[in-house]
2 protein chains.
Amino acid sequence: MTIRVALVDDQQMFRRGVSMIVRSQPDLEVVGEAGDGEQAIALVERESPDVVLMDVRMPVMDGVTATQRILGDAAARGATGPRIIVLTTFDLDADAAAAIRAGASGFVLKDADPDFLIAAIRTVHAGTAVVAASATRALLERFEPTERKPAPPEFDTLTGRERDVFALAAKGLSNSEIARTEYVSEATVKTHISNVLTKLGLRDRVQLVVFAYENGLVDR
Amino acid sequence: MTIRVALVDDQQMFRRGVSMIVRSQPDLEVVGEAGDGEQAIALVERESPDVVLMDVRMPVMDGVTATQRILGDAAARGATGPRIIVLTTFDLDADAAAAIRAGASGFVLKDADPDFLIAAIRTVHAGTAVVAASATRALLERFEPTERKPAPPEFDTLTGRERDVFALAAKGLSNSEIARTEYVSEATVKTHISNVLTKLGLRDRVQLVVFAYENGLVDR
DNA sequence: ACCGATCTCCTCCTCGCGGATGAGGCTCGC
DNA sequence: GCGAGCCTCATCCGCGAGGAGGAGATCGGT
């Protein structure tokens with residue numbers, strides 16, 4: 001049972017190279033190539049490949065949009081559609097991230113090891129796994145600070161009430177607004193805010209908001 | 001030039017299996033095995049492997065702590081230490097994420113395709129890449145929703161200069177600080193800020209900061 | 001030549017913010 | 001019981017922020 005692969009990239013030379021790599025494996029087969037997103041949709045429609053290797057930056061229609069369309073069309077027909085692997089040039093390509101959200105199963109650096117790409121195709125085809133590039137680490141560090149952050153030591157010194165007003169101030173509320181939602185006087189709020197700023201070493205509530213977001217202390 | 005691999009897992013049967021897989025490759029070599037975190041540290045100390053395959057849940061000392069220690073010790077000696085790949089049982093293991101933060105280069109599902117593991121070892125050893133399991137998708141969906149918002153339509157109405165001061169204000173700078181870094185008078189900054197607030201429908205710079213973070217308009 | 005947008009800067013005015021300081025009431029643990 | 005910590009509220013004071021309104025300069029398009 002061979003895995004049917006479709007190639008989508010605007011550079012013909014690149015497609016040629018990837019095609020060589022894929023064809024070198026007995027269980028992989030290239031069932032078609034496309035030079036832009038629109039061609040890709042038609043290709044998938046025609047050939048129903050198992051896996052699509054999709055470039056992001058392309059003329060006519062980019063890879064993210066094409067990914068959305070392909071998976072959207074498949075879902076509309078009650079099918080799952082092909083697994084899509086996005087090929088990226090840079091490490092943590094924002095477009096690649098968008099493609100993942102659009103439903104792509106993973107992304108691989110264009111200069112990755114050929115064996116890695118092959119393993120990625122098989123892994124993705126198997127269903128569960130998703131392959132990523134060095135991005136993962138950066139991803140975790142950049143997007144996860146919302147969670148599991150060491151939570152700055154100074155923050156622990158805040159009392160219960162101080163954390164309450166901190167949270168509200170972090171959402172952009174004024175002192176009077178905080179006072180109203182917490183059913184205390186504005187003077188009390190000012191005292192708490194003042195204590196919080198001192199404890200956290202911040203200048204004003206503006207920096208408090210920055211601090212809150214930078215340390216993932218805002219719940220949404 | 002063979003890649004020297006160390007195995008760390010409390011289940012001997014599992015180690016045996018992985019060992020078989022690794023040894024099946026001419027360019028990979030197993031230089032030692034360990035059954036818990038402490039043994040792992042000693043093993044790394046003794047053999048200086050290139051790559052460590054590390055389990056998370058282990059008696060005596062878990063994989064996350066061991067990862068921290070190993071990389072911490074290496075850093076203390078000015079060395080980079082081995083690349084560490086964490087082996088996880090479940091998809092998005094919180095422990096695995098912790099290990100990545102501790103410095104591990106990637107994580108692979110224990111039931112992943114053997115070829116995938118092999119490719120991961122080579123990829124990680126090559127330096128740049130990090131391998132992940134199906135977690136990546138979930139990660140992106142869980143932690144990235146902050147970014148790449150459609151970028152509010154009102155934001156497009158800002159002029160070039162207005163965006164400049166917006167960006168600086170979003171970082172928590174005061175008007176005078178912005179004036180100094182932009183080499184204009186504070187009065188000018190106030191004008192721009194005022195225009196920005198009006199255009200974006202915000203009350204004050206505090207809400208401006210919230211707006212900036214909520215819409216992923218802060219670059220770090 | 002003219003208009004509109006943008007950037008620059010100014011003054012006057014009001015108000016919210018934050019620091020300093022003090023104080024009364026509450027619930028702990030010693 | 002008694003102090004420690006916390007929550008509550010108040011007053012005074014200085015300052016930065018933001019709105020209103022005006023003004024000169026530049027530049028691109030009509």
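The figures here come from the full heavy-atom set of this structure, side chains too, leaving out hydrogens, waters and symmetry mates. Proteins come first, then strands; the chains are lettered A, B, ... in the order of their sequence lines, and each starts at number 1.
Here C/dC15 presents its P atom at 17 Å from CD of A/Glu177, a figure rounded to the nearest Å. Between the P atom of C/dG16 and the CD1 atom of A/Ile178 lies a distance of 14 Å, rounded to the nearest Å. At whole-Å resolution of the value, CD in A/Gln207 and C1' in C/dG18 are 13 Å apart. In this structure, CG of A/Asp164 is placed 13 Å from C1' of D/dC6, rounded to the nearest angstrom. Between the C1' atom of C/dT8 and the CD atom of B/Glu162 lies a distance of 13 Å, rounded to the nearest Å. Distance A/His192 NE2 to C/dA20 P: 18 Å, rounded to the nearest Å.
Here the nucleotide nearest the side chain of B/Thr159, chosen from D/dC9, C/dC10, C/dC7, is C/dC7. Set against C/dC10, C/dC7, D/dC9, the side chain of A/Thr188 has D/dC9 as its closest nucleotide.
Applying the side chain to side chain donor-acceptor pair (under 3.5 Å) test to A/Thr65 and every residue at least two apart in sequence or in another chain returns A/Asp62. For the side-chain contact (heavy atoms from CB on, under 4.5 Å) test, residues two or more places apart in sequence or in another chain that qualify with B/Ser176 are B/Ser174, B/Arg180, B/Glu186. Looking at residues two or more places apart in sequence or on another chain, you find a side chain to side chain donor-acceptor pair (under 3.5 Å) between B/Arg203 and A/Glu177. Residues forming a salt bridge (Lys or Arg N to Asp or Glu O under 4.0 Å) with A/Glu182 (at least two apart in sequence, or on another chain): A/Arg161. Residues satisfying the side-chain contact (heavy atoms from CB on, under 4.5 Å) criterion with A/Glu162, sequence neighbours excluded, are A/Leu158, A/Thr159, A/His192, A/Asn195, A/Val196, A/Lys199. Every residue was checked against the side chain to side chain donor-acceptor pair (under 3.5 Å) condition with B/Arg69, not counting sequence neighbours, and none meets it. By the side chain to side chain donor-acceptor pair (under 3.5 Å) test, A/Ser185 pairs with A/Thr188, sequence neighbours left out.
Where the helix from C/dA1-D/dT30 to C/dC30-D/dG1 starts and where it ends, the local axes point in directions that differ by 30°; five pairs per end, rounded to 10°.
Closest of all the heavy-atom pairs between A/Pro49 and A/Val31 is CB-CG2, 3.9 Å.
The ring pair (Phe, Tyr, Trp, His ring centres under 6.0 Å) analysis of residues 162-184 of chain A, with sequence neighbours excluded, yields the pairs A/Phe155-A/Phe166. Residue pairs meeting the salt bridge (charged side-chain N to carboxylate O under 4.0 Å, His left out) criterion with at least one partner in residues 34-50 of chain B, sequence neighbours excluded, are B/Arg4-B/Glu47.
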Response to the item:
B/S/- along nucleotides 14-30 of chain D (protein heavy atoms under 4.0 Å) is ---BBS-----------
Give every pair of a protein N or O atom and an N or O atom of nucleotides 28-30 of chain C that lie under 3.5 Å apart, one pair per line with the distance.
none

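B/Asp164 places no side-chain N or O within 3.5 Å of a backbone atom of B/Ala167 that could act as its donor or acceptor partner.
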